Structure formats: C-alpha cells, structure tokens
Amino acid sequence: QVQLVESGGGSVQAGGTLRLSCVESGYRLDYSRIRSCMGWFRQTPGRERERVAGIYVGDDSTGYADSVKGRFTISYDNAKNTLYLQMDSLKPEDTAMYYCATLYRPGSSGESCITINNYAYWGQGTQVTVSS
C-alpha cells in the first residue's frame with residue numbers, strides 16, 4: 001500500500017511562487033518506484049479534474065499541460081521519495097486543490113504519464129489560492 005501526502009499549498013498574489021511537495025510512504029520496492037509515473041492534478045468545485053504535470057521516475061522525463069508550460073516545474077527526489085511542483089508566475093486561474101498521484105507503468109515517459117487516467121494512488125490534496 002502506498003500513501004501520498006501533499007503539502008505546500010497556500011494563498012499568494014498573482015505573480016507569486018509556491019512549491020508543492022508530495023511525500024510517499026508505505027511499502028513499494030525501488031524496482032517498482034523507478035518504473036512509475038507520478039503526476040500532479042488540480043480541481044476546482046464544479047469542474048473536471050485537470051492534468052497539470054507528469055514525470056516518469058526512471059528517467060526524469062516530464063510532461064506539462066499547455067496552461068502551465070514555462071511556469072511550473074515537476075521533479076522527483078529519489079533519496080527522499082518526494083515529488084515536487086515548483087509553481088512560478090502564478091495566476092488566479094491556477095487556484096485549485098492540487099493532488100499528486102502515482103501508478104506503476106514501466107516503459108513510460110513524462111509525456112505519457114500526464115495522459116494517464118487510471119492512477120492507482122492519490123493524496124488528499126493541498127489548496128492553492130492565487131489572488132489578483
């Protein structure tokens with residue numbers, strides 16, 4: 001069983017920065033972890049969940065939604081089993097609950113990780129609010 005816990009959300013003004021973290025705990029072999037996709041998603045009330053960014057742990061390849069390209073950076077620290085999302089130049093439309101997720105998916109890439117719909121494990125979310 002894998003547990004994911006997000007943190008780092010908060011309230012900032014437009015143009016500000018935040019860094020979200022997602023710490024993984026529980027039992028998962030390194031063999032499995034490095035062959036996994038990890039992703040960040042966001043959702044606002046009344047709207048569908050939106051893909052934000054994905055990373056394939058094995059080669060650190062990444063993929064991003066067009067809405068965040070050039071502003072957000074996803075990364076993974078193998079030593080800490082922690083996923084990050086660096087968010088720069090934040091906009092009011094980035095306001096949402098942000099979730100991290102993971103799925104064992106050998107042979108993937110960051111670009112494919114962001115397209116996956118059936119992530120197996122999810123965190124509880126962290127709220128990001130950007131004011132104008």
Side-chain angles (χ1 to χ4, degrees):
Q1 188 74 10
V2 174
Q3 291 86 40
L4 301 174
V5 179
E6 303 96 336
S7 63
S11 297
V12 296
Q13 290 191 326
T17 65
L18 283 173
R19 187 174 82 154
L20 306 184
S21 299
C22 171
V23 178
E24 176 183 335
S25 63
Y27 182 73
R28 182 159 70 161
L29 294 172
D30 287 344
Y31 173 93
S32 174
R33 182 177 297 107
I34 65 172
R35 290 167 176 80
S36 294
C37 284
M38 298 201 75
W40 285 101
F41 300 80
R42 65 188 182 187
Q43 190 169 23
T44 55
R47 299 186 66 178
E48 290 189 359
R49 186 171 59 206
E50 178 187 8
R51 301 178 178 93
V52 176
I55 186 168
Y56 186 62
V57 177
D59 63 8
D60 285 336
S61 59
T62 59
Y64 297 91
D66 288 342
S67 59
V68 306
K69 276 182 182 176
R71 300 189 298 120
F72 290 10
T73 304
I74 188 172
S75 62
Y76 186 79
D77 186 330
N78 278 289
K80 296 181 179 179
N81 292 346
T82 301
L83 178 71
Y84 299 99
L85 185 68
Q86 177 68 39
M87 305 188 295
D88 300 323
S89 302
L90 282 161
K91 303 176 180 180
E93 51 263 43
D94 294 319
T95 295
M97 185 72 79
Y98 283 71
Y99 300 89
C100 63
T102 188
L103 174 70
Y104 175 68
R105 194 175 176 90
S108 291
S109 67
E111 288 291 343
S112 65
C113 288
I114 198 174
T115 66
I116 296 171
N117 290 319
N118 59 335
Y119 274 84
Y121 301 100
W122 292 82
Q124 83 292 345
T126 186
Q127 178 68 37
V128 171
T129 302
V130 184
S131 58
S132 58

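Position 1 is the first residue of the sequence; numbering continues from there. Note that the structure is a prediction, hence the values are computed from the model and not measured.
Heavy atoms only, all atoms of each residue included: Tyr64 and Thr73 are closest at OH-CA, 3.3 Å. Minimum heavy-atom separation, Ser112 to Ser108: OG-CB, 3.5 Å. Closest approach of Gly9 and Thr126 over heavy atoms only: N-OG1, 3.1 Å. The two residues Val52 and Val68 come nearest to each other via the heavy atoms O-CG2, 3.5 Å. Residue Thr115 comes nearest to Arg51 through the heavy atom pair O-NH2, 3.3 Å, listed as atom of the first residue, atom of the second, then distance.
Here Thr62 pairs with nothing under the side-chain hydrogen bond (donor to acceptor under 3.5 Å, both in side chains) rule; sequence neighbours left out. Listed by chain and number, the residues in a side chain to side chain contact (heavy atoms under 4.5 Å, CB included) with Arg35 are Tyr31, Tyr56, Tyr104, Pro106 (sequence neighbours excluded). Under the side chain to side chain contact (heavy atoms under 4.5 Å, CB included) criterion, Ser67 pairs with Arg42, Glu50, Ala65, sequence neighbours left out. Every side chain to side chain contact (heavy atoms under 4.5 Å, CB included) that Gln3 has, sequence neighbours left out, goes to Gln1, Ser25. Taking the salt bridge (Lys or Arg N to Asp or Glu O under 4.0 Å) definition, one finds that Arg28 meets it with Glu24, sequence neighbours left out. Remark: Ser61 engages Asp59 in a side-chain hydrogen bond (donor to acceptor under 3.5 Å, both in side chains) (not counting sequence neighbours). Listed by chain and residue number, Asp94 satisfy the side-chain hydrogen bond (donor to acceptor under 3.5 Å, both in side chains) test with Arg71 (two or more places apart in sequence, or in another chain).
Within the structure, disulfide (SG to SG under 2.5 Å) pairs that include any residue of residues 43-109 comprise Cys22-Cys100 (at least two apart or interchain). Applying the disulfide (SG to SG under 2.5 Å) definition to pairs two or more places apart or across chains, those involving residues 37-93 are Cys37-Cys113.
Counting only heavy atoms from C-beta outward, the side chains of Glu6 and Leu20 never approach each other to under 4.5 Å. The shortest distance between side-chain heavy atoms of Asn78 and Val57 falls below 4.5 Å.
Its side chain outside the 4.5 Å cluster rule for every partner, Ile114 clusters with none of the Ile, Leu, Val, Met, Phe, Trp and Tyr residues. Taking Ile, Leu, Val, Met, Phe, Trp and Tyr as members and joining any whose side-chain heavy atoms lie under 4.5 Å apart, directly or through other members, the hydrophobic cluster of Phe41 also contains Met97, Tyr99, Leu103, Ile116, Tyr119, Trp122.
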Show me the side-chain donor-acceptor pairs of residues 79-93 shorter than 3.5 Å, one per line, residues at least two apart or across chains.
unit_1	atom_1	unit_2	atom_2	d
Thr82	OG1	Lys80	O	2.8
Gln86	NE2	Asp88	OD1	2.9

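Interatomic distance, Asp60 CG to Ile34 CD1, rounded to the nearest 0.5 Å: 11.0 Å.
Under the 4.5 Å side-chain contact rule for hydrophobic residues, Val23 and Tyr121 do not share a cluster.
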